[in-house]
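Take a look at the structure below.
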Amino acid sequence: MSDVLSHYLQEHERRYPEGTGDRLGELRQSALQEFRNLGFPTRRQENWKYTDVRKLCKHEFRINDDVVDLPAGRIESLPIARPDCHELVFVNGRYSPAHSRADKLAAGIIVTDLAAALNQQPELVSDHIARYSDTASSGFTALNTAFLQQGSVISLAAGAVLDKPVHLIHINTQQQQPYSGQLRNLILLGDNSEGTVIESYFGLDDAVYFTNSVCEIRLDPGSRLQHYRIQQESSNSFHLGHTTVRLQKDSRYESSVVSLGAELSRTDLNCRLEQSGAVCVLNGLYMVNGQQHTDHHIRVDHTVEATTSTQNYRGILDEQGRAVFNGKVVVHKGADKTDARQSNANLLLSDKAEVDTKPELEIYADDVKCSHGATVGQLDKNMLFYLRSRGIDEHTARSLLTFAFAGEIIRNIHMASIRERLEQLVLGRLPDAETIREFTHE
Amino acid sequence: MATENSNIEELVRKEYQHGFVTEIDADTVPPGLNEDVIRLISAKKDEPEWLLEWRLKAYRHWLTMTHPTWAHVQHPPIDYQAISYFSAPKSKKDGPKSLDEVDPKLLETYEKLGIPLHEQKMLAGVAVDAVFDSVSVATTFKEKLAAAGVIFCSFSEAVQNHPELVRQYLGTVVPGADNFFAALNSAVFTDGSFCYIPKNTRCPMELSTYFRINASNTGQFERTLIIADEGSHVSYLEGCTAPQRDENQLHAAVVELVALDNAQIKYSTVQNWYPGDENGVGGIYNFVTKRGDCRGVNSKISWTQVETGSAITWKYPSCLLRGDNSIGEFYSVAVTNGYQQADTGTKMIHLGKNTSSTIISKGISAGHAQNAYRGLVKISRKAENARNYTQCDSLLMGKQCGAHTFPYIESMNPTAQVEHEATTSKIGDDQLFYLRQRGISEEDAVNMIVNGFCKDVFRELPMEFAVEAQKLLGVTLEGAVG
Amino acid sequence: MLNINNLHASIDNKEILKGLNLEVKAGEVHAIMGPNGSGKSTLANVLSGRDGYEVTRGEVRYMDKDLLQLAPEERAREGIFLAFQYPVEIPGVNNVYLLKAALNAVRVHRGEPEMDAVDFLKLVRERIKVVNMSEELLNRSVNEGFSGGEKKRNEIFQMTLLEPKLAILDETDSGLDIDALKVVAEGVNRLRDPDRSIIMITHYQRLLDYIKPDHVHVLSRGRIIKSGGPELALELEEKGYDWVNAEADAA
């Protein structure tokens with residue numbers, strides 16, 4: 001067994017010396033076993049063909065148990081979008097009650113951290129946890145389940161409507177020893193309930209850490225969830241995020257994934273449309289520069305008749321940045337009247353950047369409308385010429401078109417405060433930010 | 001096939017095995033694969049030492065490889081020790097004695113395709129002593145080609161008569177150790193076609209295996225090598241539009257194309273091997289490695305394929321765009337019905353500057369068939385201003401079939417432009433209805449729509465091939481709707 | 001204002017313009033007519049500086065400058081405006097802000113102060129009426145989702161706002177219905193000014209019913225083979241291009 005595997009096994013031993021007899025203890029034990037079998041993925045696996053995690057395996061990340069409080073005003077000073085929300089704050093992978101504030105919630109709504117939920121609503125957790133995401137899907141999910149403790153539970157009873165979004169803020173600080181947060185979120189929406197959940201991941205300075213986050217979402221008939229996932233991890237960090245969504249009749253899931261940070265990030269999003277009328281709308285934007293590597297894997301399963309999915313992901317790659325996109329649509333036998341669209345566009349700004357994209361369709365039903373498109377290229381010459389013929393200098397025109405390229409994703413974000421913050425973040429990465437900001441104000 | 005008859009033949013052969021082994025089976029190596037078998041093949045073909053070494057090297061590498069599993073196809077494991085790797089042209093006793101012994105369904109298909117009787121016999125493997133028209137035709141062709149300086153012969157002849165050319169180019173596009181099936185082929189290939197077009201020569205006619213003497217029974221491990229020297233042009237047609245009877249389950253062919261400066265090669269295939277019966281029993285496993293090397297500047301290689309046969313098709317005719325300004329094209333129609341499985345597509349590897357590639361793939365799936373497009377477009381760091389356009393469309397007919405698209409795009413150059421589009425749909429009910437309302441039968445309407453769907457590819461085929469390919473599509477899709 | 005002397009230009013090593021001469025004085029309106037493939041759009045693209053066109057011989061002087069040495073944006077700031085035949089859609093770039101940036105780029109170039117948002121919007125409101133264009137289009141992305149007619153109007157609207165010294169209209173009349181054509185023509189006519197020159201590139205005489213040119217030139221096979229007054233356009237309409245070609249061949 002490799003050193004890194006035994007490291008995590010020891011970490012597990014340290015925290016859970018005796019496998020507790022309850023379901024949770026058994027779950028952790030069996031997941032640990034699974035992790036021991038699977039190990040970390042290698043590039044020989046088709047799903048990891050373009051992403052090498054050996055670098056992550058070089059570190060022995062300590063599973064963090066320490067509560068770290070940040071100085072007053074520190075969070076406010078960070079460039080994180082903070083609309084008016086119920087906030088659960090996690091510092092270095094551990095829940096921080098001091099920074100969190102869940103305001104008074106209406107009846108039938110639970111917003112709490114996982115550790116508390118394990119005490120207060122153990123049956124709610126055990127009825128759902130690890131039932132939607134498959135621990136066998138990768139070593140990372142198994143690892144996460146083996147250390148299941150930190151995270152959040154958001155549960156809406158039938159008909160409940162969240163008065164304002166829930167914001168899960170993850171902040172990571174620089175520590176002596178590299179550490180890891182194993183975060184698990186459970187989001188359950190009852191019939192016809194509605195809500196918005198934002199996940200933000202932020203790393204301070206050069207912090208070296210490894211975020212491993214797994215999110216399980218179940219949408220009951222008629223419910224609607226807006227889900228934002230904004231990743232601004234530190235440039236020395238590793239970010240693994242795995243989200244599984246199960247959609248029941250006429251439910252709707254809208255996701256916006258924005259990945260800007262981390263040295264290496266991998267974001268998986270699996271949606272299973274299990275009853276007719278279910279809709280998922282998946283948007284994403286990734287930007288890499290320096291030596292960053294980002295990988296987005298999406299899988300949408302249409303298992304029954306009359307479901308709809310759209311995917312629209314865009315990437316901007318500069319310097320030696322590398323991006324991987326894999327979008328897969330599977331239309332199962334009998335899933336007629338499926339409407340699935342997928343698009344992935346990439347902009348290469350540097351001759352050292354690399355993109356690997358793979359949009360896939362796997363279709364076992366005939367009465368379907370499925371399409372996908374992928375492009376890789378540079379800025380459109382005609383657009384560039386048009387702007388220059390109107391007197392805009394080439395440099396500005398390039399930045400402007402780059403920003404407009406990202407804007408195609410950003411402008412679909414409903415929440416104004418998040419949209420604006422993302423515009424700032426994207427602009428911050430481009431030259432001539434001030435000039436092009438003008439163009440985009442509405 | 002008349003099963004009863006072949007059983008009897010088997011019995012007869014068994015007796016022979018026991019009685020007169022050495023005499024009767026002198027030209028057949030017993031099943032199994034080892035270095036001795038390869039030495040034997042090489043010796044029987046009177047090959048030079050270097051070629052034997054080349055075979056052995058490929059074989060030794062093959063031993064370290066495992067059967068690939070990544071394709072979207074399923075089949076029971078293949079026992080490579082159960083295959084006989086060398087048999088001289090089949091004895092006339094092996095085939096059916098007359099057309100009466102041939103599967104009537106096969107004959108029905110020939111009828112529909114309008115194939116002349118003597119060709120039917122040849123295709124069905126009936127032993128006929130008479131000299132066909134095509135043979136004499138081929139002879140005249142050979143003379144014309146020789147006058148132009150074009151070398152077109154069997155691979156074995158080329159090894160004997162043009163060893164320097166064979167040695168210079170063999171394995172330079174598909175190395176002996178390229179992949180599992182290519183390595184196997186390199187070790188045991190028995191024959192195939194060889195073609196060399198000299199500098200600044202436009203080949204005076206379309207070259208076709210169909211017209212080449214000794215083209216039949218080149219066996220399941222065929223190897224083709226085509227070299228277009230500077231400034232030359234050639235159009236090569238492979239295969240035959242009629243379903244061919246063949247008893248070899250596994251076909252692992254290799255095709256290598258080399259285009260030097262300003263040369264152009266157009267390679268067209270119509271593949272219609274036996275697809276197995278309506279229950280998915282039998283049929284050919286067609287595991288082929290085809291690759292073209294645009295080695296020179298301004299060179300062009302164009303692949304066009306119509307794949308309607310075989311139980312399993314596993315092939316990716318590819319282009320290495322090495323020369324600056326070189327062009328690669330891939331036009332494909334793959335039709336699967338019954339229990340057929342196809343995993344086919346292309347690789348366009350852009351290495352030179354201003355290289356461009358076009359991929360047009362049309363997949364049609366009916367019955368219980370599975371049809372996958374798998375393609376790679378790779379833009380290397382130095383491929384300034386490379387261009388690729390890919391269009392993959394799938395048409396589904398029926399509830400039990402599948403259509404899949406697995407495109408890989410890898411780009412490392414910011415000046416390159418890569419565009420991929422794919423759609424999947426079924427035959428439009430409104431289109432069908434419109435045609436039927438105008439008095440066209442449902443089957444004809446389907447054919448019309450499918451042919452329209454494939455038009456962009458058929459347009460690339462030489463005229464007589466295109467017409468036959470259309471007919472063939474109709475035959476393959478028979479009963480797919482309604 | 002503009003002096004084109006023996007201009008040869010090619011694209012992908014294919015020579016399109018083969019020794020074109022043209023002089024445009026301040027205040028003049030020139031119509032350049034010619035059959036498809038004669039080099040009309042190449043001329044417009046070369047004058048505005050599009051990539052991919054190689055000038056192999058000849059020179060173009062504009063306001064006593066060597067025009068061919070300038071980048072496209074420099075030409076724009078010097079007062080050259082190209083109304084595109086096929087205006088490109090630019091998703092995500094706001095129409096009105098492009099205008100503001102374009103206008104201010106010219107002003108800064110001339111050493112004038114930038115216009116503030118209030119004055120700018122006032123100007124926009126005033127000028128948009130000229131082309132009878134919906135204000136709703138202003139806040140969309142550049143040309144995105146515009147109909148063919150709306151794109152052309154947008155080009156003319158940009159022109160009325162930017163007040164160029166030399167306007168080049170590349171087949172602005174193509175694809176317009178008669179009402180839109182009148183609106184576009186009115187926009188152009190309002191811009192006629194002793195200090196401003198206009199080059200209209202067109203296939204048909206139709207546009208010239210509404211915008212009276214001072215000079216008409218026939219471009220064929222990369223050269224101007226005949227020049228005259230407005231009556232030449234009528235003659236062309238009547239007799240077709242073969243007539244001039246034959247005449248030129250004879251000469």
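Just so you know, these numbers come straight off a predicted model, no measurement behind them. Each chain gets a letter, A, B and so on, in the order its sequence line appears, and its residues count up from 1.
Proximity to chain B (any heavy atom under 4.5 Å) is shown, for A/Ala374, by both the backbone and the side chain. With a 4.5 Å cut-off on non-hydrogen atoms, A/Phe325 does not touch chain B at all. Contact of B/Ala416 with chain A is made through the backbone alone, with heavy-atom distances under 4.5 Å. For B/Arg374, no part lies under 4.5 angstrom from a heavy atom of chain A. When heavy atoms are compared at a cutoff of 4.5 Å, A/Lys333 approaches chain B solely by way of its side chain, counted from C-beta outward. With a 4.5 angstrom heavy-atom cutoff, A/Ser350 touches chain B only via backbone atoms.
The side chain to side chain contact (heavy atoms under 4.5 Å, CB included) test with A/Val376 is passed by exactly one of B/Val418, B/Val377, B/Asn388: B/Val418.
In terms of non-hydrogen atom pairs under 4.5 Å with chain A, the most contact-rich of B/His72, B/Glu384, B/Lys426 is B/Lys426. Chain A forms more heavy-atom pairs under 4.5 Å with one residue of B/Thr415, B/Leu395, B/Thr390 than with any other, namely B/Thr415. Contact count against chain B (heavy-atom pairs under 4.5 Å) is highest for A/Gln378 among A/Glu360, A/Gln378, A/Glu354. The most heavy-atom pairs under 4.5 Å with chain A, out of B/Leu396, B/Ile379, B/Thr423, B/Ile409, come from B/Ile409. If you tally non-hydrogen atom pairs under 4.5 Å between each of B/Ser425, B/Ala372, B/Pro407, B/Gly402 and chain A, the highest count goes to B/Pro407. Chain B forms the most heavy-atom pairs under 4.5 Å with one residue out of A/Ala340, A/Ala353, A/Ser343, and that residue is A/Ala353.
For B/Gln74, the CD atom sits in a loose shell: 12 or fewer heavy atoms of surrounding residues, nucleotides or ligands are nearer than 6.0 Å. For B/Lys347, the NZ atom sits in a loose shell: 12 or fewer heavy atoms of surrounding residues, nucleotides or ligands are nearer than 6.0 Å. Heavy-atom neighbours of B/His67 NE2 from other residues, nucleotides or ligands within 6.0 Å: above the threshold of 12.
Across all non-hydrogen atoms, the minimal contact from B/Gln417 to A/Gly377 is NE2-CA, 3.7 Å.
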Where do A/Asp351 and B/Asn413 land on the side-chain contact (heavy atoms from CB on, under 4.5 Å) test, with the steps shown first? CA-CA 5 Å; A/Asp351 56 8; B/Asn413 190 302; 5.7 Å; no

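Considering CD1 of A/Ile363 and CD of B/Gln370, their distance stands at 11.0 Å, rounded to 0.5 Å. Put simply, NE2 on B/His404 and CD on A/Glu362 are 5.5 Å apart, with the number rounded to the nearest 0.5 Å. Residue A/Leu361 holds its CG atom at 9.0 Å from CZ of B/Phe406, rounded to the nearest 0.5 Å. With rounding to the nearest 0.5 Å, the separation of OG1 in A/Thr375 from CD in B/Glu419 is 7.0 Å. Note: B/Leu376 CG to A/Lys358 NZ = 11.0 Å, rounded to the nearest 0.5 Å. To the nearest 0.5 Å, the span separating OG1 on B/Thr424 from CG on A/Asp366 amounts to 11.5 Å.
The shortest side-chain heavy-atom distance between B/Ser411 and A/Asn346 does not fall under the 4.5 Å cut-off. Using a 4.5 Å heavy-atom cutoff, the side chains of B/Met412 and A/Lys352 are not in contact. Contact check for B/Thr405 versus A/His372: side-chain heavy atoms found under the 4.5 Å cut-off.
Look at B/Lys399 and A/Asp336 and you find a salt bridge, because one of the NZ, NE, NH1 or NH2 atoms lies within 4.0 Å of a carboxylate O, short of that distance.
Within the 3.5 Å criterion, the main-chain N or O of B/Glu410 finds no donor-acceptor partner in the side chain of A/Asp356.
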